[in-house]
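Keep in mind the model is a prediction, meaning the values are calculated, not measured. Chain letters run A, B, ... following the sequence lines, proteins first and then strands; every chain starts at 1.
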2 protein chains.
Amino acid sequence: MLSMERIIEIMAEQGLRITDQRKTLARLFAEAPGYLSAKDVYDYMGQKYKGLSFDTVYRNLRVMQELGVLEQIVFEEGVKFKLHCSEDHHHHHMICLQCEKTYPITFCPMQLTESPDDFQVVKHKFEVFGYCKDCREEAAQEPVKAAAGKREAR
Amino acid sequence: MLSMERIIEIMAEQGLRITDQRKTLARLFAEAPGYLSAKDVYDYMGQKYKGLSFDTVYRNLRVMQELGVLEQIVFEEGVKFKLHCSEDHHHHHMICLQCEKTYPITFCPMQLTESPDDFQVVKHKFEVFGYCKDCREEAAQEPVKAAAGKREAR
DNA sequence: GTATTTGCAAACAATTTGCAGCTCT
DNA sequence: AGAGCTGCAAATTGTTTGCAAATAC
C-alpha cells in the first residue's frame, strides 16, 4: 500500500501543489484501515482546519482519484474512498461491515464462470461482506452488539 | 417472472389502491427487459399522464420495493429498479451494459471461497457486466457503436 | 510573480416531505 | 364516506461550480 510520502510524491510529480491540507489528507488515507466517505474525511480534517469547506474535500478526493491514488466505490450507503490497491495481480475483497477494513481474496470466480448465450464479458464485481476477526472478538465482549454477528452467512 | 396481473394482485392484497397509474407502472415493469431508473420510469409514464410528478414515481417505486415486487440496485451511474427475481434458488447475474437485460448465472463463487482470518461471511455480491448476444449483433451492424464491443474482457 | 488552491456562496441533481384536493373501494 | 393517492412546492442530502483572496513554488 502507498505511504504518505509516496502519495505526496505522486501528486508533486503531476505539478500539484503540496499544501498542508493535502499532506494531512495523504496521511489520513495512508493510515486509514478501511473505506472513508467524504463526510468521514471532512469530519477528520475539520478538527485540524477550522473553516474547512466541503467542496475542498470533494475537490481533493476527486483529484486524488483521477491521479489513481484513491479508488472510489459505490456502496448502498453512498460513495466511499480508500487507497488504490497497488497489488498488480487482479483480486477481490472481503469487506468488514463493522470496521470496513478489507481483506484480499486471491480467488477470482470469473475463471470458473462460463458465459452462456455468447455473452461477451467486459468486467465483473465480486465482493464479500461480513465481520472480520477483530470485530467479532470486540462484539463478543459487548453483548449489545454481539447480536449483529449472529446473522446467517449465505 | 411476475406478470402485470400478479403485481396488481399483490398490491391489492396489501390494501393498496389500484390506480390507473399503478397499473401502467406494473405493466411497464412486467414488460421491461432490463433495469429502469426513476427517470426512465418518469419519462415513460409522463407520456401517458401529463402533469405527472416525480415524487409520485419515487413513492410508487418505494412502495413496490418495500412490497418485494421490485428490487433496487445501486450502479455507479445511480439507482435502478427491476422486478424482483422470483426464482427461489440463489443466483447471480450477467448484466448487459447496452440493454441492461439480465441473464442468470447459477454458479455461485461463494461455495469455493475460503474465508481467511476467521472472517464471518454475511453476504456477497457477484455481478458480471458485458454485452449480450443481441446487442453484439446489433453493434456489428452499426459500425459506429461496434467499437464499444471491442473492449478487453477481464 | 504567477498559477494553484482555498473558502464562500450559490447552483445542481436526486430524493423526500407536508399539505390540500382528488379518487379508489 | 373515508383511507389512500396525487400534484405542488418546498425541504434535504450529496456533490459541483464560479469567483476573489490566499498560498506554494
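Whole-Å rounding puts the B:Lys50 NZ to D:dT6 C1' distance at 15 Å. Atom OH of B:Tyr58 is separated from atom C1' of D:dT12 by 13 Å (rounded to the nearest Å). With rounding to whole Å, B:Met11 atom CE is found 14 Å from D:dG4 atom P. When rounded to the nearest whole Å, the span between OH of B:Tyr42 and P of C:dT16 equals 16 Å. Rounded to whole angstrom, the span from the CG atom of B:Asp20 across to the C1' atom of C:dT25 amounts to 16 Å. Rounded to an integer number of Å, the gap from A:Leu52 CG to C:dC8 C1' is 12 Å. One interatomic measurement links the two molecules: CZ of A:Phe54 to C1' of C:dC12, which rounds to 16 Å at whole-angstrom precision. Counting to the nearest Å, the P atom of C:dC22 and the OH atom of B:Tyr49 are 19 Å from each other.
Under 4.0 angstrom from either OP1 or OP2 of C:dG7 there lies at least one side-chain N or O belonging to A:Gln21. In this model, the phosphate group of C:dT23 is not approached by any side-chain N or O of B:Thr19 to a distance below 4.0 Å at OP1 or OP2. The shortest distance between the side-chain N/O atoms of B:Arg17 and the OP1/OP2 oxygens of C:dT23 is not below 4.0 Å. OP1 and OP2 of D:dC8 both lie 4.0 Å or more from every side-chain N or O belonging to B:Ser53. For C:dT17, one of the phosphate oxygens OP1 or OP2 lies less than 4.0 angstrom from a side-chain nitrogen or oxygen of B:Arg62.
In this structure, the ring of A:His91 has its center no less than 6.0 angstrom from the ring center of A:His89.
Of the two residues contacting DNA chain C, namely B:Ala38 and A:Gly51, the nearest-nucleotide position lying further toward the 5' end is that of A:Gly51.
Annotation: the span from B:Phe129 atom CZ to B:Phe75 atom CZ amounts to 5.5 Å, rounded to 0.5 Å.
Counting heavy atoms of neighbouring residues, nucleotides and ligands inside a 6.0 Å radius, atom NZ of B:Lys125 exceeds 12 of them.
Ring geometry for A:His124 versus B:Phe126: interplanar angle over 60°, hence perpendicular rather than tilted (30 to 60°).
No hydrogens or angles were tested; on distance alone, nothing pairs the side chain of B:Arg59 with the base of D:dG4 as donor and acceptor under 3.5 Å. In terms of polar N and O atoms assigned as donor or acceptor, the side chain of A:Asp55 never comes within less than 3.5 Å of the base of C:dA10 in a complementary pairing.
Defined by atom type and a distance below 3.5 Å, a donor-acceptor pair is present between the side-chain atoms of A:Thr24 and A:Tyr49.
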